Amino acid sequence: MTTETERSRVERYDPATIEPRWQKAWDELGLYRTDLSDASRPKYYLLTMYPYPSGDIHIGHWYIKTPTDAIARFHRMHGENVFYPIGFDAFGLPAENAAIKNGINPRDWTMSNIDNMRRQLRMMGATFDWDAEVVTADPAYYRWNQWFFLQFLKAGLAYRQTSPVDWCPNDGTLAREQVEGVDRHCWRCGAKVEKRDLAQWYLKVTKYADELLDFTGLDWPEPIKTMQTNWIGRSEGGEIVFTTAPSDHHAGGAELRVFTTRPDTLVGATFMVLAPEHPLVAELTAPDRRADVEAYVAQAADRTEIDRLSTDREKTGVAIGGDAVNPINGERIPIFVADYVLGGYGTGAIMAVPAHDDRDYAFATAHGLPIRRVVAAPGDEERDLADGAYVAHAAGERLVNSGPYSGLPADEGGAAIVGALEAEGKGRSAVTYRLRDWLISRQRYWGTPIPVIYCDRDGIVPVPEEDLPVRLPDTVDYRGSGENPLTRDEAFLNVTCPTCGEPARRETDTMDTFIDSSWYWYRYLSPENAGGPIQREVVDRWTPVNQYTGGSEHAVMHLLYAREFTKMMRDIGLIEQDEPFRRLFNQGQILGLDGERMSKSRGNVVDPDDLVARYGADTIRLFLMFMGPWDQGGPWSPTGIGGVHRFLNRLWTIALDPHGREPGDPESGSLPSGVDEADARLRIRQAAHRTLKAVTADYEAFHFNTMIARLMELANVLMRFRGSPVAGSEEWDEAVRLALLMLAPAAPHITEELWSRRLAAAGVPWSSIHRESWPAVDESAVAEATREVPVQVNGKVRDRIVVPSDISGTDLERAALASEKVQALLAGRAPLKVIQAGGGRLVNIVVREA
RNA sequence: GCCGAAGUGGCGGAAUGGCAGACGCGGCGGUCUCAAACACCGCUGAGGGCAACCUCGUAUGGGUUCGAAUCCCAUCUUCGGCACCA
C-alpha cells in the first residue's frame, strides 16, 4: 500500500480523471467547431462513414473513427481548416424488427440509441463537429430525399416499371447488389431471395456506366476500383438480329435480337436460347410445346429453389417448337427456353455456339444438338471437340467452316461479319453492362416515403414540392408482423389528387436507405438549411471530400451509389463536381475473438466502455492503431494492451519526473559507459528529430502502427537517460516537447494534460496542445558524424565498420577491404568487384568462391 | 470456376532490391519488496560451438541479381469479392 507512494514522487497517470476533464474543456471552448466560412486557411474535409444507430458503439467503431480523428488533428496542426462531422444513418430494418418485437415505435428505439451512441462517441475524445450532426430519419433531412426524387422524375432519371424483382421476405424488394451469394440471400438479414413481378421505382444509374468506369483523379484503393469495374461489367460485342422462321402457328419475320461478345462465331450458332422471362416466349411457342414450355417457365420463376438443390448446375431447358433464321447465311436453327440465359442481361436471348462456349456446349451435349467448329488455331482444325468447347484465344486463330469468312483471322472475321450485317440493318457493334438500374422501392415503414400519388384519372402524380415532406405517421401499428403498416394506415393512404382534386391513394413504398447515405456529406455542410438540400457556395468550397474512411464492405453498394448520386445531382444542376470522394481509405475490420464479424446476435461484441474504464480512451486509441496496419484489421485480442498502457505511463514519468531513478535498474542515474554528457545530449536530440521525421511520414501514410513504435523507441531512449546528469537538460526538454506534439493527434488527453503542466511549470498561460503547430525537423540534428557500415562478402554480412559520415567512396572501399574479417575471408584472393549500395550505406565485396 | 489481397519467431507485426525479425505481447532470468502485485533492467528465430564465431532460416520449388522477405515463373494455403453476364 505504501511502497507505491514512496517510490513515485509524482502522482500517477489516471486517465479516469484526466479524460473527462479535457473533453469537457474542449467542448466548452468549441475547439472543434469548424468555421466553414473561414477561407484564410486551406480546407480539409475529412469524412468517416456515419454509423447505423444499432444501440452501442463497439470496438469496431473505434477502429474506424479514432485513427480518423488522429488524421483530423494532424491536419489541424498543419494549419488546415478541418471539418470532421458525424451523424447517424437512422432509417432501416433493425429499428423495425426491434419495434415489432417490443411493440414500440421505431423512432423511439432509434432516437434513444442515438442518445446512447452520442455519449459513447464523446468518450473517444474525437474532434467531431457536433453542430453539423445529421440524423437521416429527421423529416428535415428526408424531405430532401423526396425533393431529389421529384427532380429526378422531372429529369427522366427516375421511372416506374413492372418487372421481376428480387424479393426478400423480410426486407421486401432489394436492389441487385443487395443480393449476395450463390444461394441468393439478402445482404442484411440473410433470408433467401425470391423473384416477384412488381411495379417498382428505379433510378436510371445505368446512364452513368461508362462514366463510373473512369476513376481519373480519384485516389482510391485498387481493389475497390477493380470491384466496381467488375460490377459495372462492360462487355463489347455485337447485337445481331435473327428473325423467326414461319411455321404452322406463327407467321415468322419477328425480330429476335441477341447480344454476343463473339460475332466471329456467328456461323457456328446451331440453336438459340431465350430467357424464361423473354417477352416473345409465349407468342413463339408451338401449340404442342405449350404445356412443356409453360411448366418450365413457371419452374424457372422459382429457380432459386432449384439452384440450391442442384450442385452441378445442370443445363436445363425445353424447345419451343419454332426456329430462328441466321442473318448471315439464312440457316434455320431451333429455339429453346433455358434458365441459363438471364432475362435482365443483354437482350435476354443468345445465339448458342456450342463449339466455342462452355455453357452452350453443356446444353448441346445434354440435348443432342449439333456442334460446329468455326474458329481454330493453326494446325488445330481437325481436332474434335469431344472434351469441351474451344474457348481459348490462341495466336493466329482463324475462322473455318464460315463460308466467305473462312480463313480470316478471328477478330477481323468478327468485325467483317458485324460490318456486313450492319449494312443490311441486321446487326451493329454494341456494348452491354452488367450494371442494372437502381431499384429503390422498399415495402417498409421506416424509410423515406416516396412522394407520389396514384389517381384513377391522372395516373402517377408527383407530390407538389410545397407539400413536402410527406411525413411518416407518428403512430404505427405493426400488428406483430413486418408487413408494411402504411398499406393499412387510412389517414396516410387517402389523399386528394393534386391535379384533379378527386380522392386518390398515396404510394406506400419507402426508399432504399442507401439513398440517405448517398448525399449526407453534402448535408453536413448546412444541416439546418430549409431552402434546399444543400447550400451551393459552401458545397462548392468544401467538396469533394478530401479524405473518406470506412470499410470496404460497401465497395459496390454505398461507394457506388454515392458516385451515381453525385452525378445525378450534377445533372439536375445542383453541383458541378463529378465525384464525391477524392481520396478513399478502407480500414480493415475488427473481428470477434472467434474470428467472426462482430454482431450482437453472435454475442462476440467487444464493449469499449469497459476498456475505457480500465485503461482510458488514449490507451484504447493507441492500442487499436498499434495492432497492425490500419487497412488490415483482424481478430480482436486484448493481449498487448498493457504494453501500450505502460508506454503512456513511461511518457508520464519522463515528462513529470525526469530526475527520478529506477531502483530496479543498477545503471539508473548514470550515463552509459563510454558516453559523456555532450554525447548523451547529442543522442537525445538526434533521437527526437529522427523520430519526428519518421513519425511525420508515418502519419501522412496512415502507418499508425510504426508511428507509435517509433515514439516508443524515443521513450525508451529517454528512459535510459532518466535520472542521469542530462535528464532535464535543454535537449531532454525539447525531446519531451516534441514527443508530446507528435503523440497529440493519437493520444489527445494525456498529451493535453502533460502539456498544460509544462506550461504551468514554466509560468506560461494555458493554451491547448491541439492548437499548436506541427514541429519542424532540424536536419542538422539528424545528421551524425560517424556511421556504421555493414560489409558483405559475396552478399553475406561479415563485419561492420565505423566510418566518418562524409567518407569518400574510395576511402570506404579501402576501409572495408582493410577489415580483418574480410581479409581472413579473402585469404589472399583479389576481389572481383566491390559494390557500394545506397550511397555508401553498405559495401559488398565479390570474390570467386573457393 | 473467375477477379483481388496476402503467407515472415510462440503471438500481433517491422523491413518493398542492400544488416531479416524494429516496436509490442508472451516466456526466462534479475532488481526493488518481509512477501506478492506494480514498476524497472537483461536475455529471448532454429541448430552447433568453451568461445571468437559458424550453419540454416521470410509457405514450397525454380529463376534473375554482386546481393531477394522484397522482382519473375510455377505450385500450395488462407482471406475478401463475383456467381451461368453470352
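Any value given below was found using the heavy atoms of this structure, including those in side chains, with hydrogens, waters and symmetry copies removed. Remember, predicted model here, so these are calculated numbers, not experimental data. Every chain is numbered from 1, with letters handed out A, B, ... down the list of sequences.
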Ring geometry between A:Phe363 and A:His367 (parallel below 30°, tilted from 30 to 60°, perpendicular above 60°):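 A:His367 vs A:Phe363 ring planes: parallel.
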So if I take every side-chain heavy atom of [X] and compare against [options], which nucleotide ends up nearest?
X        : options             : answer
A:Arg798 : B:C84, B:U55, B:A86 : B:U55
A:Val846 : B:C66, B:C82, B:A86 : B:C66
A:Tyr340 : B:C84, B:A83, B:A86 : B:C84

Residue pair A:His645 / A:Thr619, side-chain donor-acceptor N/O under 3.5 Å: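 Result is yes, a qualifying pair exists.
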Any A:Lys225 side-chain nitrogen or oxygen under 4.0 Å from OP1 or OP2 of B:A5: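 For A:Lys225, the contact criterion (side-chain N or O under 4.0 Å from OP1 or OP2 of B:A5) is not met.
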Cation-pi geometry met for A:Arg563 and A:Trp438 (6.0 Å, 45°):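 Judged by the rule, A:Arg563 and A:Trp438 form no cation-pi pair.
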Lys NZ or Arg CZ of A:Lys315 over A:Tyr340 ring: under 6.0 Å, within 45°: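 Output yes; distance and angle both within limits.
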For RNA chain B, the dot-bracket pattern of Watson-Crick and G-U pairs whose distances stay under 3.5 Å, | for other-strand partners: (((((((..(((.....[....)))((((((.......))))))((((....))))..(((((..]....))))))))))))....
Do any N or O atoms of the protein come closer than 3.5 Å to N or O atoms of nucleotides 14-25 of chain B, and which pairs are they?
from: B:A14; atom 1: OP1; to: A:Asn705; atom 2: ND2; distance (Å): 3.0
from: B:G18; atom 1: N2; to: A:Gln792; atom 2: OE1; distance (Å): 3.4
from: B:G18; atom 1: N2; to: A:Asn844; atom 2: ND2; distance (Å): 3.4
from: B:C19; atom 1: O2; to: A:Arg800; atom 2: NE; distance (Å): 2.6
from: B:C19; atom 1: O2; to: A:Arg800; atom 2: NH2; distance (Å): 2.7
from: B:A22; atom 1: O2'; to: A:Glu713; atom 2: OE2; distance (Å): 3.2
from: B:G24; atom 1: OP1; to: A:Asn716; atom 2: ND2; distance (Å): 3.1
from: B:C25; atom 1: OP1; to: A:Arg646; atom 2: NE; distance (Å): 3.1
from: B:C25; atom 1: OP1; to: A:Arg646; atom 2: NH2; distance (Å): 2.6

Pairwise C1' distance, B:G45 and B:G26 [rounded to whole Å]: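 To the nearest whole Å, 15 Å.
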Donor-acceptor contact present, side-chain A:Thr66 to main-chain A:Tyr63, <3.5 Å: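 Such a contact is absent between A:Thr66 side chain and A:Tyr63 backbone.
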Sugar-phosphate only, base, or nothing, as touched by A:Val834 at under 4.0 Å among non-hydrogen atoms: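 Nothing: the residue A:Val834, judged by heavy atoms under 4.0 Å, touches no strand.
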